[in-house]
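These notes concern the structure reproduced below.
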Amino acid sequence: MNSKELILQRLLDKYEHSKHFTAPGSSNRRVLLRIRKDELPEYDYQNAAVRDDFNVAVKELAGAGIVCVKWLAGRKDLVAEEIWLNLDHLAFAYRLAGVIPLKERALVSANIFSSAAAQCKNTWAKAFLEEQAELTLAQQKLTVLGKREQDYVQDIITALVTYDQLKEECLTMRGFSIRCYKDSKHFEKNVRDAFLTIAAKHDPRLRELLQYQELKPREKLAILGIFVRPELYEIAGPVTVKTAWGNCDLTALSRTGAALPSNSVEHILGIDMSKIKRVMFIENKTCYDEYVLKYRKSDELAVFHGGFYSPYKGKLLQKIADCVQPGTTTLFWGDIDLGGLQMLIRLRQIFTALLPWKMGLAEVEQFKEYGLKRDRDYLEKVTKTMSQPEYGSFLDILRAIIKYGVTIEQEVMIDGLLCSPQANPTNEIPPNITEKHT
């Protein structure tokens with residue numbers, strides 16, 4: 001880029017950010033570059049060769065009526081002090097600079113986003129692309145994404161359109177990357193973080209979960225149905241999994257638990273749960289392992305819940321719910337914090353009669369000395385949560401968290417699992433955790 005093009009591009013950029021562009025006729029201010037304020041740092045007037053080259057460019061532009069120049073007092077024709085754009089010759093300035101006017105670039109960008117949105121169904125990805133197109137047209141300028149390099153914008157669009165077309169299908173992250181770019185690592189290296197930033201703002205599932213809970217990139221992707229690697233779903237209990245290829249009786253593994261791979265879920269036709277009287281969902285892996293080895297009842301199905309379940313895990317949970325026998329008790333045991341309560345509330349979308357277990361005021365009081373200290377920001381989130389209807393039955397817990405400034409992690413309860421009080425203020429679940437295996 002030569003000096004003439006550089007000067008014009010800087011001036012045109014300032015013009016496109018000025019009221020002359022956004023609200024024509026509303027400003028009398030000049031669109032100018034002030035040399036002594038480093039608004040054109042390349043113009044090194046102390047370097048004779050550089051200064052002379054820029055001066056030639058300035059004089060040529062001024063002679064053509066495209067710019068005006070104010071020379072430094074006493075240094076006329078030697079050192080420029082200010083250079084400003086002649087707004088009557090904008091079209092000429094754009095042509096000479098080799099720059100497409102912003103309104104034209106915005107129209108092209110809007111068309112790109114609109115075309116991509118047209119390839120999508122009615123999802124958050126489609127809504128985001130439509131929003132980008134609408135904002136671009138309304139403001140007649142590029143969005144933050146639209147300003148990025150063309151290849152980068154196309155990569156983001158490709159990821160969004162491909163994701164939209166997955167429907168209910170789930171993929172590994174590398175499989176998704178291959179489908180998008182024919183490159184197994186391109187998504188992770190170049191697109192993942194931006195893709196997740198967009199999803200966090202526009203996908204209702206992620207937006208809701210991230211209000212009160214921090215999630216790692218792999219957890220966010222799993223919720224969207226993209227796995228870093230295939231998931232394993234751990235369960236323990238006397239159940240038989242029925243598939244198109246035959247039945248798998250997991251009773252023999254009840255004392256240690258078994259794991260179902262995520263890619264098997266689509267092939268599960270049903271689950272024989274005729275021996276199950278209670279289903280226990282456990283958030284923490286250590287607690288799940290301890291519970292299965294030492295405390296699980298013979299007529300109980302223990303399920304490792306983990307973090308916020310992905311779409312495929314949700315399918316497995318729904319199949320369990322569909323096969324639960326009438327009168328079966330369903331319980332959830334998680335951390336006594338916003339994340340744990342949020343997981344419980346979300347799981348109730350599948351198991352509507354789900355009850356909390358060991359997640360009551362009694363546990364907060366008993367284990368508060370071992371609680372995790374929380375800062376003011378977290379406690380303010382707890383306070384805001386109290387006004388939400390779905391948290392109405394947990395107000396005593398939330399007040400205790402605020403009072404003591406701590407939340408309770410499941411792991412601190414393990415040693416006292418047999419003797420600690422039941423976290424069920426209604427006493428609907430009998431204290432039968434001490435029943436031995438049969």
Side-chain angles (χ1 to χ4, degrees), residues 1-113 132-156 190 194:
M1 184 187 306
N2 60 42
S3 303
K4 192 183 300 183
E5 292 171 338
L6 179 61
I7 293 168
L8 287 176
Q9 287 192 17
R10 291 287 167 78
L11 285 169
L12 290 170
D13 183 64
K14 292 200 74 172
Y15 160 71
E16 290 173 349
H17 287 84
S18 73
K19 285 190 175 181
H20 292 288
F21 180 86
T22 58
S26 64
S27 174
N28 293 319
R29 299 185 64 179
R30 292 171 174 171
V31 177
L32 59 79
L33 298 173
R34 291 163 291 195
I35 304 303
R36 287 194 288 187
K37 290 195 174 182
D38 280 340
E39 292 178 345
L40 186 64
E42 293 83 358
Y43 181 65
D44 184 0
Y45 55 84
Q46 293 181 325
N47 183 315
V50 172
R51 181 191 65 212
D52 291 346
D53 179 62
F54 270 94
N55 284 347
V56 169
V58 169
K59 291 174 183 178
E60 287 181 3
L61 291 172
I66 299 173
V67 305
C68 299
V69 59
K70 176 184 176 183
W71 299 98
L72 190 65
R75 307 287 303 273
K76 182 175 175 57
D77 294 336
L78 288 178
V79 177
E81 184 176 3
E82 295 178 350
I83 306 168
W84 64 91
L85 188 63
N86 184 345
L87 300 179
D88 293 330
H89 292 92
L90 281 173
F92 190 15
Y94 274 111
R95 287 199 302 273
L96 200 56
V99 174
I100 300 172
L102 180 55
K103 290 182 180 179
E104 294 180 26
R105 303 201 308 273
L107 181 60
V108 171
S109 180
N111 287 337
I112 290 172
F113 287 125
Q132 292 291 297
E134 291 167 3
L135 284 173
T136 304
L137 287 175
Q139 299 176 1
Q140 296 190 3
K141 61 182 181 181
L142 302 176
T143 61
V144 173
L145 176 58
K147 291 178 181 177
R148 297 295 301 269
E149 299 83 0
Q150 186 176 352
D151 288 347
Y152 178 84
V153 174
Q154 189 56 56
D155 279 350
I156 298 296
N190 304 295

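- Of the possible polar contacts, one joining the Glu5 side chain to the Asn2 backbone as a donor-acceptor pair under 3.5 Å is found.
- In this structure, the side chain of Asp44 does not engage the main chain of Val50 through any donor-acceptor pair within 3.5 Å.
- Closest non-hydrogen pair, Leu8 versus Ala93, comes out as CD1-O, 3.8 Å.
- A distance of 13.0 Å separates CZ in Arg51 from CD1 in Ile35, rounded to the nearest 0.5 Å.
- Between the CG atom in Leu145 and the CG atom in Leu135 there is a gap of 11.5 Å [rounded to 0.5 Å].
- With His20 contributing its side chain and Arg29 its backbone, the two residues share a donor-acceptor pair below 3.5 Å.
- Residues Phe21 and Leu102 share a closest heavy-atom pair of CZ-CD2, 3.6 Å.
- Once rounded to the nearest 0.5 Å, the distance linking CD1 of Ile112 with CD of Gln154 reads 7.0 Å.
- Residues Ser109 and Leu142 come closest through the heavy atom pair CB-CD2, 3.6 Å.
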**Request:** Start with the C-alpha gap between Glu134 and Phe113, add the side-chain angles, then the distance that decides, and say whether side-chain contact (heavy atoms from CB on, under 4.5 Å) holds.
**Result:** CA-CA 9 Å; Glu134 291 167 3; Phe113 287 125; over 6 Å; no

**Request:** Tell me, with the steps shown, if Asn55 and Tyr43 meet side chain to side chain donor-acceptor pair (under 3.5 Å).
**Result:** CA-CA 9 Å; Asn55 284 347; Tyr43 181 65; 2.7 Å; yes

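- From Cys68, atom SG reaches atom CH2 of Trp84 across 5.5 Å, with rounding to the nearest 0.5 Å.
- No salt bridge links Glu82 with Arg34; every basic N to acidic carboxylate O contact stays at or beyond 4.0 Å.
- Leu12 and Leu90 get closest at one heavy-atom pair: CD2-CD2, 4.1 Å.
- In this structure, Arg148 forms a cation-pi arrangement with Tyr152, its terminal cationic atom sitting closer than 6.0 Å to the ring centre and no more than 45° off the ring axis.
- In this structure, Ser18 contributes its side chain and Tyr15 its backbone to a donor-acceptor pair below 3.5 Å.
- Closest non-hydrogen pair, Gln9 versus Ala97, comes out as NE2-O, 3.5 Å.
- In Ile100, the CD1 atom is not crowded: 12 or fewer heavy atoms of neighbouring residues, nucleotides or ligands sit closer than 6.0 Å.
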**Message:** Between Thr136 and Leu107, is the side-chain contact (heavy atoms from CB on, under 4.5 Å) condition met? List the steps.
**Reply:** CA-CA 7 Å; Thr136 304; Leu107 181 60; over 6 Å; no

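- Note that CD1 of Ile83 and CD1 of Ile7 are 4.5 Å apart. Values are rounded to the nearest 0.5 Å.
- When each of Lys147, Arg105, Lys141 is checked for a salt bridge (Lys or Arg N to Asp or Glu O under 4.0 Å) with Glu16, only Arg105 meets the rule.
- In Tyr94, the OH atom is crowded: over 12 heavy atoms of neighbouring residues, nucleotides or ligands sit closer than 6.0 Å.
- A salt bridge is defined here as a Lys NZ or Arg NE, NH1 or NH2 lying under 4.0 Å from an Asp or Glu carboxylate O, and Arg10 with Glu39 fails to meet this definition.
- Atom-to-atom distance recorded for Leu61:CG and Leu11:CG is 8.5 Å, nearest 0.5 angstrom.
- The two residues Asp77 and Lys59 come nearest to each other via the heavy atoms O-NZ, 3.4 Å.
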